[in-house]
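Worksheet: one structure, shown below.
One is the number of the first residue; the rest follow in order along the sequence.
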Amino acid sequence: MMRVDVQSHQKQWAKQFESEKQKLNSILGEELVEIYHIGSTSVPGLEAKPIIDILIVVQDINKIDTFNAVMANMGYKALGENGIKGRRFFKKGENPRTHHVHVFEKGNHNEINRHLAVRDYLRTHTIVARKYAALKVALAEQFPNDIEAYCDGKDAFVKQMESDALEWYLQ
């Protein structure tokens, strides 16, 4: 069972992202368009589960399946689309989980913009970020051993935030 562990923001998260970015950059080569640090660990000052979320934009999503073995050598488990059409999802580490990699093809603007919009919105809208942090901390205290209940508790807030973020991002 994975414990819901929400921590205060750690400076090393940005360094962990940069380190992983270099490794991913070296294996993806020509296929790579861009690599972004996303999720709560990418927002300075925001409490988060200590899992580095990485968004990778690639030329051709179908070619990513050919990297599964190389990703496995780096400690990643390939989970296919994992609930989002047109994505390739990888997780690293089990207990504790350390990284999530979300891969999208460069033309998949909806998914790419959605992730970047939320990150940039939280970076610039500190009141929303504080509310989100408070919600996450409260839910982690309420459901320390139930990640599904934790996620369900965030769902309505996250959907509204995502909608507001996209509207702000795309204007």
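- Taking each heavy atom of Lys63 and Phe67 in turn, the nearest pair found is O-CD1, 3.4 Å.
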Does Val101 form a side-chain contact (heavy atoms from CB on, under 4.5 Å) with Lys92? I'd like the steps, not just the answer. CA-CA 8 Å; Val101 172; Lys92 185 176 194 176; over 6 Å; no
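- The closest donor-acceptor contact from the side chain of His9 to the backbone of Val43 lies under 3.5 Å.
- For the atom pair CG of Leu24 and CE of Met74, the computed distance is 4.0 Å after rounding to the nearest 0.5 Å.
- Residue Ala140 comes nearest to Val6 through the heavy atom pair CB-CG2, 3.6 Å, listed as atom of the first residue, atom of the second, then distance.
- Across every non-hydrogen atom of His102 and Ile38, the tightest pair is CD2-CD1, 3.9 Å.
- Annotation: side chain of Leu139 is not in contact with side chain of Val4 (no heavy-atom distance under 4.5 Å).
- Within the 4.5 Å cutoff, the side chain of Lys15 has no heavy atoms near those of the Glu18 side chain.
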Salt bridge (Lys or Arg N to Asp or Glu O under 4.0 Å) between Arg114 and Glu111: does it pass, once the steps are laid out? CA-CA 5 Å; Arg114 182 171 70 87; Glu111 289 297 337; 2.6 Å; yes
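- Ile64 has its side chain within reach of Phe90: a pair of non-hydrogen atoms, C-beta onward, lies under 4.5 Å apart.
- Side chain of Gln59 to main chain of Lys106: no donor-acceptor pair is present (N/O by atom type, distance under 3.5 Å, no hydrogens or angles).
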Evaluate the side-chain contact (heavy atoms from CB on, under 4.5 Å) criterion for residues Thr124 and Trp168: first the C-alpha distance (whole Å), next the side-chain angles of each, then the deciding distance (0.1 Å), finally the verdict. CA-CA 11 Å; Thr124 53; Trp168 168 82; 3.3 Å; yes
Apply salt bridge (Lys or Arg N to Asp or Glu O under 4.0 Å) to Glu47 and Arg130, showing your working. CA-CA 9 Å; Glu47 285 79 349; Arg130 299 287 11 112; 2.9 Å; yes
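- Atom-to-atom distance recorded for Asp65:CG and Ile61:CD1 is 7.5 Å, nearest 0.5 angstrom.
- Using bins of under 30°, 30° to 60° and over 60° for the plane-to-plane angle, the ring pair His125/Tyr121 lands in the parallel bin.
- Proximity of Met71 to Ile27: side-chain heavy atoms (C-beta onward) are separated by under 4.5 Å at one or more points.
- Of the possible polar contacts, none joining the Gln7 side chain to the Pro50 backbone as a donor-acceptor pair under 3.5 Å is found.
- In this structure, His109 has no ring pair (Phe, Tyr, Trp, His ring centres under 6.0 Å) partners at least two apart in sequence or on a different chain.
- If you take CD1 on Ile51 and OG1 on Thr41, they are separated by 9.0 Å, rounding to the nearest 0.5 Å.
- Note that Lys136 lies in the cation-pi zone of Tyr132, set by a 6.0 Å cut-off to the ring centre and a 45° limit from the axis.
- Of all the heavy atoms in Lys23 and Ser26, the pair that sits closest is O-OG, 2.7 Å.
- Between the CD1 atom of Ile35 and the CG atom of Asn25 there is a distance of 5.0 Å, given to the nearest 0.5 Å.
- One finds the OG atom of Ser42 at 8.0 Å from the CG atom of Leu122 (value rounded to the nearest 0.5 Å).
- Residue Phe104 comes nearest to Gly86 through the heavy atom pair CD2-O, 3.8 Å, listed as atom of the first residue, atom of the second, then distance.
- The nearest pair of heavy atoms linking Trp13 to Ser8 is CH2-O, 3.6 Å.
- Sorted by first and then second residue, the side chain to side chain donor-acceptor pair (under 3.5 Å) pairs involving residues 69-83 (not counting sequence neighbours) are Glu20-Tyr76.
- Note: Leu135 CG to Tyr150 OH = 7.5 Å, rounded to the nearest 0.5 Å.
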Take Tyr36 and Val57, measure what side-chain contact (heavy atoms from CB on, under 4.5 Å) needs, and give me the verdict at the end. CA-CA 8 Å; Tyr36 300 98; Val57 181; 3.9 Å; yes
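- Remark: Glu148 CD is loosely packed, at most 12 non-hydrogen atoms of other residues, nucleotides or ligands lying under 6.0 Å away.
- Each of His37, Arg119, His100 was compared with Asp53 under the side-chain hydrogen bond (donor to acceptor under 3.5 Å, both in side chains) criterion, and only His100 meets it.
- Residue-environment remark: CD1 (Ile127) stays at or below the threshold of 12 foreign heavy atoms within 6.0 Å.
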Is there a side-chain contact (heavy atoms from CB on, under 4.5 Å) between Lys49 and Ile147? Walk through the geometry before answering. CA-CA 11 Å; Lys49 294 192 307 295; Ile147 190 76; 4.0 Å; yes
